[in-house]
Amino acid sequence: MSGLINISELYDLGGKVAIVTGGAEGMGKETCRFLASAGATVAVADINLPWAQKTAGEIVAAGGKAHAYQVDLGSEQSVVDLVRSVRADQGRLDILVNVAGLQDREFLEDTSVELWDKLHHVNLRGSFLTIRAAAKVMKTDGNGGRIVNIASMGAVHPIFEGLVAYNASKSGVLGLTRNAAYELAAHGITVNALLPGNVTTEGQARSPGPPIDMEKIKHMTPPLGRTGRTSDIASAILFLVAPASQWMTGQTLVVDGGHLNK
Ligand SMILES: NC(=O)c1ccc[n+]([C@@H]2O[C@H](COP(=O)([O-])OP(=O)(O)OC[C@H]3O[C@@H](n4cnc5c(N)ncnc54)[C@H](O)[C@@H]3O)[C@@H](O)[C@H]2O)c1
């Protein structure tokens, strides 16, 4: 073997169609931007249609391909309709990135059954619904596929108090990822999870919960010296949906500035 490698081919998503849930803001929005920049047609899927339209509009204005779709991950029918519409409108479906999630916090003793159910309903059941619907289309079309689920570093290690229900839902996402990967591998469909560390987003700041004890989270600055940016996560997601990672499935990629390595 000789010569140089065409690295840009390893990150080329030209001709691919991607659904990004939670694409209206935060990491999801940045993921839409990255995937469109790599050539994909992006379905910006979110419960917040006006903001999804804004994301898609900004991408199109910059020369990319994007379309907004409304979906409520809490509704089975809404998810089925989303996947059916994207396949019908765009002609194919190659990539699913599950970014949408709720980040409500509450201490263990104050965690109501309603809060527990709400977080599991959207974060875990919602991811199951999108994967199930996308896998059916990908298997039928026979072109393989890429699925990435956003969990959290809290799925594998407690970070600070008040995240019992949230982190349990994200731990479930890891089990979902491994088992879906196992079943779908024979069809050329990879399923991986990305575990972000602390990333400053407006959605996270708005999330309901008790005040955070700043003394207790002083340890939150990771060894790499800063909190995460949405682009730190989006660039790792790009790797997981690109040809570069084609021999990788059922894995968890931690992108946390070294936090879990302390
Ligand atoms: N921000 C962090 O520090 C952090 C750390 C680890 C993991 N995460 C996870 O990463 C993901 C993105 O985080 P973020 O801070 O960018 O989130 P965000 O709050 O900024 O965005 C979440 C998006 O999900 C959408 N959404 C919420 N409920 C929905 C539903 N039922 N159906 C469809 N869309 C829905 C929202 O409208 C929003 O656009 C989430 O899954 C979150 O749990 C975040």
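Numbering of ligands and ligand atoms starts at 1, following listing order.
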Distance-only polar pair, side chains of Ser8 and Asn6, donor-acceptor under 3.5 Å: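 Checked: Ser8/Asn6 side chains pair up, N/O donor to acceptor below 3.5 Å.
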Thr177 and Asn149: side chain donor to acceptor below 3.5 Å: yes
Short N/O distance, under 3.5 Å, between [X] and ligand 1?
X	result
Val199	yes
Leu73	yes
Val99	yes
Gln204	yes
Met27	yes
Asn48	no

Residues, nucleotides or ligands: over 12 heavy atoms within 6.0 Å of Phe107 CZ: yes
Donor-acceptor contact present, side-chain Thr31 to main-chain Ala234, <3.5 Å: no
Evaluation steps, salt bridge (Lys or Arg N to Asp or Glu O under 4.0 Å), between Glu25 and Arg206: CA-CA 12 Å; Glu25 63 172 319; Arg206 284 198 312 270; 2.6 Å; yes
What residue and heavy atom of the protein are closest to [atom], and at what distance?
atom	value
atom 10 (O) of ligand 1	Ile150 CG2, 3.3 Å
atom 18 (P) of ligand 1	Gly203 CA, 3.9 Å
atom 34 (N) of ligand 1	Ile47 N, 3.3 Å
atom 17 (O) of ligand 1	Gln103 NE2, 3.2 Å
atom 9 (C) of ligand 1	Tyr166 OH, 3.6 Å
atom 31 (N) of ligand 1	Asp72 OD1, 3.0 Å
atom 22 (C) of ligand 1	Gly101 O, 4.0 Å
atom 38 (C) of ligand 1	Asp46 OD2, 3.6 Å

Would [X] count as a contact residue for ligand 1, given that I'm defining contact as a non-hydrogen atom of the residue lying under 4.0 Å from a ligand atom?
X	value
Ala45	no
Gly197	yes
Asn198	yes
Lys170	yes

Reported NE2-to-CD1 distance for the pair His67 and Ile59, which is rounded to 0.5 angstrom: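 It is 10.5 Å, given to the nearest 0.5 Å.
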Nearest-0.5 Å distance, OG of residue Ser171 to CG of residue Leu124: 9.5 Å
Stepwise side chain to side chain donor-acceptor pair (under 3.5 Å) check, Thr130 with Asn98: CA-CA 8 Å; Thr130 55; Asn98 276 315; 2.7 Å; yes
Taking NZ, NE, NH1 and NH2 as the nitrogens, is one of them in [X] or [Y] under 4.0 Å from a carboxylate oxygen of the other?
X	Y	result
Asp81	Arg84	yes
Glu58	Lys54	yes
Glu183	Lys139	no

Part of Ala151 with heavy atoms under 4.0 Å of ligand 1, whether side chain, backbone, both or neither: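 Answer for Ala151: backbone.
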Proximity to ligand 1 by part of Trp51, non-hydrogen separation under 4.0 Å: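 None of Trp51 does.
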Atoms of ligand 1, numbered as shown, that sit under 4.0 Å from any heavy atom of Ala24: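 Checking each atom against Ala24, I get 39 (O).
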Contacting atoms of ligand 1, where contact means under 4.0 angstrom from a heavy atom of Val71: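 Answer, ordered by atom number: 32 (N), 33 (C).
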side-chain contact (heavy atoms from CB on, under 4.5 Å) assessment of Thr21 paired with Leu73: CA-CA 9 Å; Thr21 72; Leu73 293 185; 4.2 Å; yes
Asp141: which of His187, Arg92, Arg87, Lys136 passes side-chain hydrogen bond (donor to acceptor under 3.5 Å, both in side chains): Arg87
